[in-house]
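Fair warning: this is a prediction, and the values are worked out from it, not measured in the lab.
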Amino acid sequence: MGLNKVIVASFKRGFEEKCFQLITESYVSAIETKVIKLNWDENDITWELHKCIKENPLRLKWRIVTNVEQHLPKDDIEKEKGFAAKFPRIDLRLVTINSSLEYEYHMEAKNLKEKDSGLKRRYIDTGINSFVTHKYENGCLLGYVLEGDLDKTVNGVNKLLKRDERELEFLKPKPYHFHEKYYESEHPDDMVIKHFMFDFTSLSSA
């Protein structure tokens with residue numbers, strides 16, 4: 001049984017790494033093609049990144065299926081008329097099946113701007129807190145920085161967390177081989193949330 005747990009953990013970690021490589025390569029591709037506009041909604045940007053993932057040959061090599069706006073079924077919802085519409089939806093889902101193992105990885109995306117405290121608050125309330133409360137599981141957050149300085153934007157998120165007396169949950173930069181602007185935050189019950197900040201400010205909104 002112990003060996004099986006080790007195998008499953010290794011499988012999940014390997015799949016997570018593949019997901020990170022796919023999403024960061026899609027960001028690089030989007031920057032190079034300059035297709036994304038700064039006035040887009042976050043769902044628009046996610047759809048474009050998803051398109052880049054689907055076109056990445058590695059996705060087929062690794063046998064990964066991906067889709068956007070995926071419902072996440074919950075056992076605690078009473079099954080009466082309309083119950084399916086009440087399931088939470090994650091922005092991006094990646095799934096792999098290997099032998100007898102199947103694993104899903106979820107990515108929730110939020111637009112961010114340096115001087116928009118409302119967007120930063122939303123990043124906390126409907127992003128971070130959705131993982132802390134287990135509304136979303138097995139996943140990470142994607143921050144789409146559309147205006148201003150990325151580092152100052154992240155500092156702004158941390159200032160709001162400080163205002164909420166959640167200093168221990170600050171986003172902290174971590175070295176990561178796939179992406180420079182990568183952060184982690186620690187939360188109750190030994191939870192660690194991973195954050196990928198994608199800077200789109202170099203792109204024209206025209």
Side-chain angles (χ1 to χ4, degrees), residues 16-17 19-53 68 89-92 105-133 135-136 139-188 190-206:
E16 184 182 61
E17 285 285 306
C19 292
F20 292 164
Q21 184 170 344
L22 288 173
I23 192 63
T24 53
E25 287 187 5
S26 72
Y27 163 69
V28 171
S29 178
I31 291 294
E32 290 176 348
T33 59
K34 299 182 179 180
V35 65
I36 288 173
K37 304 294 187 263
L38 297 183
N39 63 349
W40 280 10
D41 293 335
E42 60 205 22
N43 287 344
D44 301 329
I45 299 174
T46 300
W47 188 92
E48 194 62 39
L49 295 181
H50 170 256
K51 178 174 175 285
C52 294
I53 289 175
V68 294
R89 289 189 298 177
I90 196 76
D91 288 325
L92 183 62
Y105 196 79
H106 307 114
M107 298 182 180
E108 178 67 9
K110 301 295 176 187
N111 282 353
L112 287 169
K113 297 179 181 180
E114 177 188 339
K115 296 184 179 180
D116 192 325
S117 60
L119 288 178
K120 291 193 282 282
R121 171 55 65 185
R122 184 167 173 268
Y123 187 87
I124 295 171
D125 291 347
T126 64
I128 292 174
N129 289 350
S130 291
F131 282 101
V132 171
T133 60
K135 177 182 179 181
Y136 303 146
C140 68
L141 277 164
L142 309 177
Y144 302 152
V145 180
L146 304 178
E147 187 178 288
D149 181 80
L150 187 151
D151 293 331
K152 291 180 181 178
T153 301
V154 174
N155 288 339
V157 173
N158 286 340
K159 286 180 181 178
L160 289 178
L161 286 169
K162 182 177 182 180
R163 187 180 300 174
D164 296 341
E165 299 183 348
R166 297 171 65 179
E167 290 94 337
L168 296 178
E169 300 177 63
F170 276 10
L171 278 65
K172 299 176 182 177
K174 300 284 184 178
Y176 196 66
H177 53 282
F178 284 140
H179 189 65
E180 180 181 0
K181 296 299 182 178
Y182 168 76
Y183 302 79
E184 291 183 0
S185 56
E186 298 180 2
H187 305 274
D190 297 320
M191 174 183 287
V192 175
I193 299 176
K194 299 173 181 180
H195 309 254
F196 289 86
M197 292 293 166
F198 293 154
D199 190 347
F200 292 104
T201 58
S202 63
L203 302 178
S204 170
S205 60

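- With a 4.5 Å cut-off on side-chain heavy atoms, K181 and V145 do not count as touching.
- Atom CZ of residue F178 and atom CD of residue Q21 lie 4.0 Å apart, to the nearest 0.5 angstrom.
- Of the inter-residue distances, the one linking L161 atom CG with R121 atom CZ reads 7.5 Å to the nearest 0.5 angstrom.
- Sorted by first and then second residue, the ring pair (Phe, Tyr, Trp, His ring centres under 6.0 Å) pairs involving residues 111-130 (not counting sequence neighbours) are Y123-H195.
- Using a 4.5 Å heavy-atom cutoff, the side chains of I23 and L142 are in contact.
- At a threshold of 4.5 Å between non-hydrogen side-chain atoms, the residues P188 and E169 count as touching.
- With sequence neighbours left out, the side-chain contact (heavy atoms from CB on, under 4.5 Å) criterion links S29 to T33, C52.
- Ring planes of F198 and Y27: parallel class, angle under 30° (limits at 30 and 60°).
- For the atom pair L112 CG and K120 NZ, the distance stands at 7.5 Å (nearest 0.5 Å).
- Not one N or O on the side chain of N111 forms a donor-acceptor pair closer than 3.5 Å with the backbone of N39.
- Judged by distance alone, the side chain of D91 and the main-chain N or O of A109 form a donor-acceptor pair under 3.5 Å.
- Between atom CD1 of residue I128 and atom NE2 of residue H187 there is a gap of 5.5 Å, rounded to the nearest 0.5 Å.
- Using a 4.5 Å heavy-atom cutoff, the side chains of L171 and M197 are in contact.
- For D125 and K110, the salt-bridge test fails: no basic side-chain N is under 4.0 Å from an acidic carboxylate O.
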For this session: Just do the side chain to side chain contact (heavy atoms under 4.5 Å, CB included) check on V132 and I193 with the steps written out, would you?
Result: CA-CA 9 Å; V132 171; I193 299 176; 4.1 Å; yes

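- No side-chain heavy atom of E147 sits less than 4.5 Å from a side-chain heavy atom of L38.
- For E165, the CD atom counts as loosely surrounded, since its 6.0 Å shell holds 12 or fewer non-hydrogen atoms of other residues, nucleotides or ligands.
- A distance of 14.5 Å separates NE2 of H177 from CD of E180, quoted to the nearest 0.5 Å.
- Closest of all the heavy-atom pairs between I124 and V157 is CD1-O, 3.7 Å.
- At least one donor-acceptor pair closer than 3.5 Å links the side chain of E114 to the backbone N or O of D149.
- Proximity of F196 to M107: side-chain heavy atoms (C-beta onward) are nowhere separated by under 4.5 Å.
- Partner of K194 under the salt bridge (charged side-chain N to carboxylate O under 4.0 Å, His left out) criterion, chosen from E184, E16, E108: E16.
- The side-chain contact (heavy atoms from CB on, under 4.5 Å) test applied to K115 returns no partner, not counting sequence neighbours.
- Y105 places no side-chain N or O within donor-acceptor distance of the main-chain N or O of E17, the cut-off being under 3.5 Å.
- In this structure, S26 and I53 approach most closely via the heavy-atom pair CB-CG1, 3.9 Å.
- Residue Y144 is tested with D199, L119, D44, L49 for a side-chain contact (heavy atoms from CB on, under 4.5 Å); the sole match is L49.
- Looking at heavy atoms from C-beta onward, K162 lies in side-chain contact with F170 at the 4.5 angstrom threshold.
- Between C140 and F20, the closest heavy-atom pair is SG-CE2, 4.0 Å.
- For the atom pair N129 CG and Y136 OH, the distance stands at 11.5 Å (nearest 0.5 Å).
- When side chains are defined from C-beta on, W40 does not count as touching F200, because their heavy atoms never get closer than 4.5 Å.
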